[in-house]
Every structure is written in C-alpha cells, then in structure tokens.
Protein chains: 2
Amino acid sequence: MGGQGALRHVSKSERLSVECAGGDWCPITATATLIGKKWHPVIIHRLLENGASGFNELQNEVDGISSKVLSESLDDLEANGLVDRTVVEEKPVRVSYSLTDSGESLERVVLALAEWGDEHLEPACDGVSV
Amino acid sequence: MGGQGALRHVSKSERLSVECAGGDWCPITATATLIGKKWHPVIIHRLLENGASGFNELQNEVDGISSKVLSESLDDLEANGLVDRTVVEEKPVRVSYSLTDSGESLERVVLALAEWGDEHLEPACDGVSV
DNA sequence: CGGTATCCTCATTGATACTG
DNA sequence: CAGTATCAATGAGGATACCG
C-alpha cells in the first residue's frame, strides 16, 4: 500500500521539517486535528486492544464518554477512513466498529502517546520530573 | 518517594491496556490533553528541529499562531516541564525557549504524528488546496 | 524583542431525554 | 442495542492593541 512512489531521495525528517516550516501544509497539525479530539485516541486504543466492538460496548470501555460524543467521534473517525462501521444482520441487530487498515496504522502513534504518558505523567507516583 | 512498592513484570502493552480500561487514569488521555492543544505538537516539533528559539522566532516558524496563543502554549508547556524558559541577559535581552529532557522525549510522539500524517494525509491525494 | 490585556466568536462537551 | 435531538456551559483560538 502507500503507493505514492513519486518521492525519493529526501530523508523523512527532512521532509517533515520542511513541511511544517510555515505556510505549507503541516502533517503534524493535520494529524493532531484528526486524532487529537480528546476521545479519539482512546477509542482507537480500545479498538486496537479489543478488536471490533459494538457501540455500547465501546461506551463502557471508554468511561465517561457520552453517547453523543462517542457517536460523533465514531462518525468523524469513519469519515476519515479510520474506522469501519458494519451492521451485523443478526438478531439482535448489532453494529460493529473496527479499525480500517489506516486506523490500525495509528497504533504507533497511540502507543507512543500512551507510553510517554505512562512514563512521564504517572499520577500516583511522585512528582513530575524536573 | 520510592513508595511504589512491588513493580511486577507486566508487559507494557498490558499495563496500558489496563490503565485505559475505565475508571482508571488513562495515559493516553492525559498525554493527549497535554500536547493535544493544536499548536503544542508543532511548537515542540519546531523546538526539536531548531533547538532553542526566541519568542518571535518561534512565532515566525509556527505560521499563523498569534502571540497570545503562543504565549499561552509556551506557558502551559513550561508548567508541565516540557520546555525551559531562559532569559538571556545580553543586549538586547532575549528569551530562549528550549526543550527539557522530558520535552525532548516527546520526539517519538511528535515524529509518529508527523510521519503518520505524512503518509496518510498528504493533501495532494485529497485535492485540498488554497 | 517579548510579552499582556481585552473582547469576541466558534467549536466541543456534557447532561438529559427520547426513538427505532 | 444504537443512536439522535436539544440546550446550556466551557473554553480554546483569533484579532487587535498596548506595555516594558
């Protein structure tokens, strides 16, 4: 996948540096806008952990999210091709949310987020580093 | 303050999974709250790229940010021990913002963000434009 | 240069309630 | 189970102006 074979010979960090410089489109801001919606990363993380889930199932796992916000988030995520919504025609009818390929590729990001927070923000432990 | 006691050998992903489950403190949300402020990741990225920078210097590099928001962001970042503010007593007096150790450790996160956006959101693929 | 102080507006959330 | 509808509250972000 990722068939944009046009780019070559420029190192990734170089490109990123240039792209975020100013005036240009910035992948960081773009991504942050996409998944920086407060609940999005958690939802994705849950989906990553548990695989396909139903709506209420998801709501239970996220803790604190309202159905409205979950619905909106899912909507947004779906619109951006990150999650897949499938209606399972059984009885009772269920809806299954799962990550698309693109969504799964966010694992690195979400994990990076989680690990950093885990290492630098732990609440119960002593103060933050100096 | 070592009082954490027994630190079991639980895999990292296992811990993260548990921590984000529900009711508990969640490192993902916590981190997202910290650096998900729309401009924070970009600021950090710029600092990562260019090293210590002055206020206006930073404002120029970020493109589009107002002094107010930059000020607030920097404030927030500093309060969370991510950036360091140093007044350089020269002439003319300057202020230098740089990343703390903790801030630099965000490189993985920011890079993950940037790379993902670069690979999945490229504007040319979408037909967005000025 | 390096910020603060206002004011204003739009986006997002949360609570609650209701539906198929 | 899986949402949608409303409404009120919050707050982040932008524009502009001003100060040391």
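Naming convention: chains lettered A, B, ... in sequence-line order (proteins, then strands); numbering from 1 in each chain.
With B:E78 as reference, B:V83 is the one residue of B:D84, B:T100, B:V83 to meet the side-chain contact (heavy atoms from CB on, under 4.5 Å) rule.
Judged by distance alone, with hydrogens and angles left aside, the side-chain atoms of A:S98 form no donor-acceptor pair with the main-chain N or O of A:A52 at under 3.5 Å. Remark: the backbone N or O of B:N56 is not paired with any side-chain donor or acceptor of B:Q59 at under 3.5 angstrom. In terms of modelled atom types and a separation under 3.5 Å, the side chain of A:H40 and the main chain of A:L77 share no donor-acceptor contact. A:S96 places no side-chain N or O within donor-acceptor distance of the main-chain N or O of A:R94, the cut-off being under 3.5 Å.
As rounded to whole Å, 14 Å separates atom P of C:dT12 from atom CG of A:L77. Atom CG of A:D63 is separated from atom P of C:dT13 by 16 Å (rounded to the nearest Å). A:K37 has its NZ atom 17 Å from the P atom of C:dC10, to the nearest Å. Atom CG of A:D76 and atom P of C:dA11 are 14 Å apart (whole Å).
The footprint of chain A on DNA chain D, defined by a heavy-atom cutoff below 4.0 Å, extends from D:dC1 to D:dC7.
In terms of hydrophobic clustering, with Ile, Leu, Val, Met, Phe, Trp and Tyr side chains grouped at heavy-atom distances under 4.5 Å, B:V62 and B:V69 are assigned to a common cluster. Two different hydrophobic clusters hold A:L111 and B:W116 under the rule that ILVMFWY side chains link at heavy-atom gaps under 4.5 Å.
Using a 4.5 Å heavy-atom cutoff, the side chains of A:W39 and A:L70 are not in contact.
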Contact list (N/O, under 3.5 angstrom) for nucleotides 2-6 of chain C vs protein:
from  : atom 1 : to    : atom 2 : distance (Å)
C:dG2 : OP1    : B:V95 : N      : 3.2
C:dG2 : OP2    : B:F55 : N      : 3.4
C:dG2 : OP2    : B:N56 : N      : 3.2
C:dG3 : OP1    : B:R85 : NE     : 3.2
C:dG3 : OP1    : B:R85 : NH2    : 2.5
C:dG3 : OP1    : B:Y97 : OH     : 3.3
C:dG3 : OP2    : B:Y97 : OH     : 2.7
C:dT4 : OP2    : B:S71 : OG     : 2.6
C:dT4 : O4     : B:S67 : OG     : 3.1

